[in-house]
Chemist: 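Dropping a structure here in structure tokens format, bear with me for questions.
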Amino acid sequence: MARRGAGVFTGFVRTASAQPGQTGRAFRAAYGAGPAGLGGAYETWLASWA
């Protein structure tokens, strides 16, 4: 949320809530990556805090 802002997150939640079963699609539309593709980015972010 920090990179894209609260508005993008709010839009994602609204879209995902309005379209049950389409959470992955809503996430990709909001953040440009699927939930499964975030593992590497998350690991990189964690390493930056070490």
Chemist: If you take all heavy atoms of Ala26 and Ala16, which pair is closest and at what distance?
Modeler: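 Closest pair (atom of Ala26, atom of Ala16, distance): CB-N, 4.1 Å.
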Chemist: Quick check: do Phe27 and Thr15 have side-chain heavy atoms less than 4.5 Å from each other?
Modeler: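 No; the side chains remain at least 4.5 Å from each other.
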Chemist: Can you give me the closest heavy-atom contact between Val8 and Ala30, atom names plus distance?
Modeler: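 Smallest interatomic distance, heavy atoms only, reads CG1-O, 3.5 Å.
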Chemist: Return the CD to CZ distance between Gln19 and Arg14, rounded to the nearest 0.5 Å.
Modeler: 14.0 Å
